[in-house]
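First the structure, in the form of structure tokens, and then the observations on it.
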Amino acid sequence: MDLIPAPFPHLLRRLFRELTREEKVFDLPARKFWRGDPALDTSVRFHGQPAGNPVGPAAGPQDQMAQNIVLSWLAGSRILELKTVQVNDRLTIPRPCIDVTTVGYNVEWSQELRLRDSLREYVAGSMLIDILRAENVLGPGRPGRDDTILDMSVGYDLAGIRTEAVRGWILDMKDARAHVAALRATIPDELKRLRGLDFTTRLSDQITLSTFHGCPAGEIEGIVRFLLTEMDVHVTVKLNPTLLGRARVDHLLHDVLGYHEVETREEDFAKDLQWEQALEITDRLSELARARGRTFQVKFSNTLVVRNHRSFFPQSEGVMYLSGEPLHVITLNLVELYRKARPEVPISFSAGVDGRNFADCVALGFTPVTTCTDLLRPGGYARLPFYLENLEEKMRGLGVRGLGDYVVKAGGRGGEAVRRAVEEGPLRDALLAALAAQTTDLRATLLAHGAAEHVHARLVQEAALLNTPVLVAKATADPRFRREQNSKAPRKIGSRLWLFDCINCDKCVPVCPNDANFVYETGVHAADYRDYALQDGRVVEVAGGRFEVKKAHQIANFQDFCNECGNCDTFCPEDGGPFVEKPRFFGSLDAWRALPRDGFFCLRQADVDAAWGRIRGVEYHLEVDRARDRALFTDGSIRLELRHSERRALSASAKGGTAEGHRLDFAAYLNMALAVDGVLDPRRSNPVNAAYP
Ligand code: SF4
Ligand code: SF4
């Protein structure tokens with residue numbers, strides 16, 4: 001299912017409308033925006049660049065569209081690993097592709113947009129963040145709070161990454177002036193004050209490399225060399241949990257955590273990068289990066305490839321990729337092993353990160369700490385502020401103001417870290433005294449003793465290493481990562497969705513990684529109706545039925561943003577899937593024509609709304625003259641003229657050649673009228689009415 005990005009003016013219009021009229025942006029309420037405690041400094045550096053905090057999305061389904069990059073940022077992300085791009089940009093992904101109802105499984109892959117569309121989405125996302133910053137949407141905060149890093153992610157093999165298409169894409173991300181200028185020119189008149197903004201044009205100069213499961217060591221090294229040298233970017237290489245070895249992975253999965261049904265395969269461990277190879281390439285690539293004035297680090301970890309033992313994904317998929325709670329424990333154990341061998345190599349982390357374990361991941365010195373599976377659960381990006389608020393709470397509890405000092409104190413090994421990092425003497429004594437005090441500012445203590453800045457960095461690094469066995473043991477023993485606490489799928493209540501009305505839990509809106517589901521309002525409507533049929537050459541009323549919509553609050557789906565991943569279906573308490581049963585709106589007539597599914601395209605013009613609809617495979621056209629309160633509705637054969645506000649037909653006629661007995665379903669008009677009127681109503685912003693000023 002092709003994703004179709006929204007035009008930049010539509011995104012802008014919707015963003016400002018939602019913010020001013022509904023105090024939300026792309027369905028994230030303003031009360032969920034992360035504003036940060038101004039008394040605390042959560043800033044970090046990643047590849048030498050400053051970021052307001054260490055959290056962000058891992059390259060995944062929830063950061064491939066511009067609106068999601070914005071959502072991510074508003075919720076607190078400051079290091080955004082963008083969804084992986086690759087030369088093969090016409091993938092066919094099996095659907096459904098995401099199942100995070102218990103732990104996390106997926107069969108999805110890289111960016112589902114064409115390379116040029118991905119670039120446009122990332123440029124648009126970056127410009128929207130610049131606009132939010134310039135408009136001071138988050139309000140006052142400490143300096144640096146809003147510093148943001150976009151981290152490119154590319155895959156999957158050297159031949160693909162060396163192609164003109166991918167090289168050109170990387171160069172465009174490094175210098176996006178032409179693309180920024182093109183979008184700047186489309187800023188609508190009502191927001192023309194934004195046209196003069198000094199938009200970021202160097203979007204990124206760093207890449208996280210994603211390789212195939214089973215990618216040979218030489219290939220990984222070759223790609224990183226190419227990126228460090230010819231592309232001149234900083235590089236993070238994402239490694240696989242298979243590095244831990246099958247015996248240890250199986251032991252953790254089965255004996256420790258109880259996921260006995262999850263089955264690994266020997267061939268996946270045999271094919272993947274081996275331990276000694278990982279250490280060797282780390283050494284060579286760190287050295288190369290140093291020589292090039294670039295930085296190199298590793299990321300733990302990719303998902304774990306396991307046998308597809310369930311019925312959720314298509315049976316054509318022999319394997320699926322495990323994430324979430326069990327991966328958290330496996331990956332932490334891998335980190336512990338790796339740090340014993342290469343303690344100096346910086347690590348970025350992604351594996352089952354959530355609001356409850358994020359602060360511990362920070363205490364392990366990981367930068368960034370990225371998250372994916374958790375954001376696909378109810379609440380979506382609204383879950384993210386809790387990560388940071390929980391961290392801030394812990395920082396206040398420890399009496400620290402900066403993240404470095406938090407790392408030193410958080411694991412209870414700060415004294416040992418000081419003794420390792422600083423020689424015996426007055427400085428060490430002062431640091432130990434500062435640590436023991438109610439409030440701690442180690443940097444100030446170091447400064448007062450004339451110590452260099454790098455001593456603080458060393459101290460933090462020592463503490464992170466000392467925290468590792470402590471926090472890894474804590475997570476490994478924590479029952480919340482075990483199967484018994486992660487085996488309950490969300491409850492279904494036994495009712496079935498249809499076009500209108502449901503229990504209105506609204507879960508389907510934030511769980512959508514592309515923000516494709518939205519809320520709109522209809523009037524309630526209950527009436528008996530009559531159908532129309534051609535009989536003896538005349539259109540006459542015939543028996544119809546009863547039409548009833550009981551609630552004003554409704555759900556719709558924007559097809560252009562929906563790739564049928566299935567995530568909203570798994571969390572909807574009712575059966576059928578919101579993206580299947582709820583009214584599906586297309587962003588253009590071309591898109592509506594191209595996909596022969598039930599759904600609507602509507603167009604608002606001066607006084608007239610026009611809508612094209614497909615209901616149970618039958619095509620309809622509706623035209624509403626709002627000023628005259630008149631509508632024309634037809635299935636191409638029978639045509640009704642109606643008083644639209646009363647949903648009442650005034651006259652009926654048939655086109656020449658209409659077959660005797662042909663019947664027009666009046667409920668189709670009622671369905672279409674209610675959905676189209678509701679979605680076009682400007683009082684609730686949505687991706688459909690964003691097209692209209
Ligand atoms: S469609 Fe399902 S998930 Fe969405 S609001 Fe209705 S019941 Fe809730
Ligand atoms: S609407 Fe549902 S199926 Fe479509 S992309 Fe969103 S979560 Fe996936």
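For clarity, every value in this text was computed on a predicted model and none was experimentally measured. In this chain, numbering begins with 1 at the start of the sequence shown. Each ligand, and each atom within it, is numbered from 1 in the order the structure gives.
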closest protein heavy atom to atom 5 (S) of ligand 1 is Asp506 N, 3.0 Å

Applying a heavy-atom cut-off of 4.0 Å, say which part of Cys572 lies close to ligand 1: side chain, backbone, both or neither.
both

For the residue pair Phe633 and Tyr669, is the inter-centroid distance of their aromatic rings smaller than 6.0 Å?
yes

For Phe601, what residues pass the ring-ring contact (aromatic ring centres under 6.0 Å, His included) criterion, not counting sequence neighbours?
Trp612

Identify, by atom number and element, the atoms of ligand 1 in contact range of Ile555, meaning under 4.0 Å from any of its heavy atoms.
5 (S)

Between Arg483 and Leu257, is there a side-chain heavy-atom distance shorter than 4.5 Å?
no

Within the structure provided, determine whether Arg496 and Glu581 are in side-chain contact (heavy-atom separation under 4.5 Å).
yes

Donor-acceptor side-chain pairing of Ser72 and Asp63 below 3.5 angstrom:
no

At less than 2.8 Å, how many protein N/O/S atoms surround atom 8 (Fe) of ligand 2? Leave waters out.
1

Ligand 1 to Cys502, heavy atom cutoff 4.0 Å, flagged ligand atoms 1 (S), 5 (S), 6 (Fe), 7 (S)

Can you list the atoms of ligand 1 that are under 4.0 Å from a heavy atom of Leu497?
1 (S)

For Ile503, counting its heavy atoms only, list the atoms of ligand 1 lying under 4.0 Å from any of them.
7 (S)

Mind checking whether Phe26 and Leu74 have side chains closer than 4.5 Å, heavy atoms only?
no

What protein heavy atom sits nearest atom 8 (Fe) of ligand 1, and how far off is it?
Cys505 SG, 2.3 Å

Output yes if Cys508 passes the N/O/S-under-2.8 Å test against atom 2 (Fe) of ligand 1; output no otherwise.
no

Which residue pairs pass the salt bridge (charged side-chain N to carboxylate O under 4.0 Å, His left out) test when at least one of the two sits in residues 667-679, sequence neighbours left out?
Arg647-Asp677

Please report whether the ring centroid of Phe300 lies less than 6.0 Å from that of Phe349.
no

Pull out every atom of ligand 2 sitting under 4.0 Å from any heavy atom of Asn557, numbered as shown with elements.
1 (S)

Do Phe547 and Phe500 come within less than 4.5 Å of each other through their side chains, counting heavy atoms only?
yes

Partner residues of Arg21 under the side-chain hydrogen bond (donor to acceptor under 3.5 Å, both in side chains) criterion, sequence neighbours left out:
none

